[in-house]
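The structure appears below as structure tokens.
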Amino acid sequence: MWLGLTAIGLSALVAARAEVIGIEVLERSSFATGMKFGGAGAYEKIRGVAKFSLDPNAAANQRIVDLKLAPRDTGGRVTFESAFILLRPVKAQNSSLVYDVNNRGGIGILGQMDGASPANNDPTTVADAGDGFLMRHGFTLLFSAWTWDVAPPQPGVKPLVFPPLVAHLPDGTPITGLVENEFIVNTPQDVTVYAGMRGLTYEPATPNDPAAILTARSRPNDARVPIDRAAWHFVAPDQPGGPGRVQLDGGFQPGTLYELIYTAKDPHVTGAGLAGIRDLLAYFRDHPFEGAPVPRKVLIFGISQSGRVIGRMLHDGLNVDETGRLAFDGAYMQVPGAGGSAGFNSRFAQPTRHPSRLEEHDYPSDAFPFTSTTSRDPVTGEAGSILDRARDAHGNLPKLIIANTSTEFWNRDASLIATTPDGRADVAPAANVRIYALMGAQHYVGRSHTRDPYVNCVSTTDHYLAMRALLVALDRWTHEAAAPPASAYPSLHGGTLMSVDAYRAAFPRGIGVSPPDENLREPRLDFGPRFASEGIADHVPPAPGRPFETRVPGPDADGNDRGGVRLIELQVPLGTHTGWNQRAPKTGFAWATARFDGSFVPFARTETERRSSNDPRPSIESRYPTRDAFIAKLQLAAKRQVTAGFLLPEDVERAISENLALYDRVMAHAPEDQSCRYLFAD
């Protein structure tokens, strides 16, 4: 229910042009107890609710699936609301606004850019500011709710959850349809959740649906084997509002992909959440707010799922508001893999789902087109780019940065954003796009102290410092027209992008790890004749077609990836950093790769140790005769990174100290100790 003006004394309902028709301020307080962040000064936090109104007949809204079937007000418009949080300088002059697309309800940018995720998802304290990077640079930060499928949080946690709009047939009849839920277990379990990662799903329209089908198979391409309906049943959530569960006689076992299909009802208009992002940014673009001027530029930032949300907005033209203007000037998509142009805007969409080497291949996440300039799918004959609908009324496009790590080439089809779908030719990015591959890094900076549930220790490469530099570069690109670093990613022409077979042949042997047999090659999926035009799946599960041909970065003699942005850890290596890690055999999926993690295998400390283990890689001793020699090489590498634009001068000391600390820990670590704790300071 819309909160009226009397809800809180601070509340202020602001009449607005365009599609935000009201803003209510619920809280306005000092952030970080008034701490001053360099020249930007002190920050404040504003928490509120925005109310939206969409015209279902407007051209800008035509691609929002089921919007015309959502409830309407007396004026024929679709209205909804979204909670938001704003962090901004108290003296917000000439500040760029950065919108962080939340990930499963959680704020992401503060953890990766500033080094501290806010406690309870509620940025308030000095600790929540981390090292204050975003604040020192004067960015205004905006967060809001866009998705509904967020599992209930722990007590005290405040996720940003979008109240869903429910679509009905024109006569008010509920809409029904089949819903697919694929899940696995890492240990034997009698009862398990079948929703996606930390998410919710659509529950059966009929309690304990007798027509529901549960199947089992060992690998994604294997035939599904039905499980006797009498052997399993639905179980209530373990907490109110949580995801449903299912119980199987004899229990669920590792090594099996389970799939549960049943009829659900009341699909949510998930695409309205993307329009809410668009219109909230358009509102702040045009309106002075609570005593502050409009921002210098409007940027949008997303990590993983959130980066794929941006890709879907661009694909559907939901970056252009109803007045024909760009809602944001620049976008930064971090680790989106192939871009996510197929997810987030279909009937019965489950936004938390996405394919990996192991699971969820049948969800609409990776689909043609993938590139920012036109390419052609040789299988279907279709031609297009992700930006075909992203231009404003005057033909303008936002500036766009897409950055993946090595892991996305193995697990998320990342090569497709710069190659043809058959993997045979490079496709150059558009002039408004920069593509970066952060080599040797994994989906997030490694932090696991144990190998479980994987085979190898995780990669230690810190790509967050490069992300900081790229965000600053995007800001300058939009308001100063200062070109960011040239695109840097592996390519077929350069010989740095290759098949997995070629990678395995080139990877050094005898270092204690062996590369996987395959990377993710997502199949073309046929959801039926209405899916492309209406977002309605008639085939559940979809019929799989020929896979897209994906490639991986080629290794050097040490096993470290070539091409792309070679971070300091690869320029002055202490070991092999890969984008892949394998699942431990006890999980039942020893053939599969970890979903988000890479591997790190240190070099031998001395030549004596190297010869003893028959390691073909030169030892640390032979590379860096002394600790001071290692420091000198670190300093040169950091200087090169600053010159190249992938490291800010303010971060040089941190980059050197992190790598030096790892050197000290590796040199103090006995090789017979197979734990991973030594890799991390904590």
Using a 6.0 Å distance limit plus a 45 degree cone around the ring axis, check whether [X] lies over the aromatic ring of [Y].
X	Y	result
R219	W591	yes
R308	F344	no
R434	Y436	no
R551	F409	no
R468	F133	yes

Heavy-atom check, side chain of I277 versus side chain of Y99, under 4.5 Å: yes

Donor-acceptor under 3.5 Å ([X] side chain, [Y] main chain):
X	Y	result
T587	R583	no
R389	H315	yes
N103	I303	yes
R524	R546	yes
R104	T352	yes
D377	G381	no
E408	N404	no
Q582	T593	no
R605	H669	yes
S459	G440	yes

Residues in salt bridge (charged side-chain N to carboxylate O under 4.0 Å, His left out) with R217, at least two apart? E182

Does R424 have more than 12 heavy atoms from other residues, nucleotides or ligands lying within 6.0 Å of its CZ? no

Per side-chain contact (heavy atoms from CB on, under 4.5 Å), I109 is matched among V101, D100, D114 by D100

From the list I568, N659, N560, side-chain contact (heavy atoms from CB on, under 4.5 Å) partner of P573 resolves to N560

Under the side-chain contact (heavy atoms from CB on, under 4.5 Å) rule, what do D366 and R412 come out as? Steps first, then yes or no, please. CA-CA 8 Å; D366 295 345; R412 287 296 293 113; 2.7 Å; yes

Show your reasoning for whether side chain to side chain donor-acceptor pair (under 3.5 Å) applies to S613 and D615. CA-CA 5 Å; S613 63; D615 193 327; 4.8 Å; no

On a heavy-atom basis, the closest approach of D413 and A338 is O-CB, 3.5 Å

Given the side-chain rings of [X] and [Y], with only the six-membered ring counted for Trp, is the space between their centroids under 6.0 Å?
X	Y	result
Y464	Y444	no
F527	H539	no
H354	Y363	no

Any carboxylate oxygen within less than 4.0 angstrom of a Lys/Arg side-chain nitrogen, looking at [X] and [Y]?
X	Y	result
R521	E549	yes
D362	R353	no
R566	D561	no

Give me the ring orientation class for Y503 and W580: parallel if the planes are under 30° apart, tilted from 30 to 60°, perpendicular past 60°. perpendicular

How far apart are the C-alpha atoms of T578 and F507, what are their side-chain angles, what is the distance that settles it, and do they pass the side-chain contact (heavy atoms from CB on, under 4.5 Å) test? CA-CA 10 Å; T578 75; F507 192 80; 4.2 Å; yes

Tell me, which pairs form a disulfide bond (SG atoms under 2.5 Å apart) where one or both residues lie in residues 450-496, sequence neighbours left out? C457-C676

For S657 and L660, run side-chain contact (heavy atoms from CB on, under 4.5 Å): C-alpha distance rounded to whole Å, both residues' side-chain angles, the deciding distance at 0.1 Å, then the answer. CA-CA 5 Å; S657 65; L660 183 58; 5.6 Å; no

Atom pair CD1/CG of I656 and D651 - distance to nearest 0.5 Å: 11.5 Å

Roughly how far, to the nearest 0.5 Å, is CZ of R451 from OG of S599? 9.0 Å

For a quick test of your reading: what N or O donor-acceptor pairs under 3.5 Å do the side chains of residues 482-495 make, sequence neighbours left out?
residue	atom	partner	partner atom	Å
S487	OG	I435	N	3.0
S491	OG	G494	N	3.0

In sequence, state the C-alpha distance, the side-chain angles, and the governing distance for W146 and N102, and then conclude on side-chain contact (heavy atoms from CB on, under 4.5 Å). CA-CA 8 Å; W146 65 270; N102 77 72; 3.3 Å; yes

Salt bridge (Lys or Arg N to Asp or Glu O under 4.0 Å) between R595 and E359, worked out: CA-CA 9 Å; R595 200 166 199 174; E359 59 202 304; 3.5 Å; yes

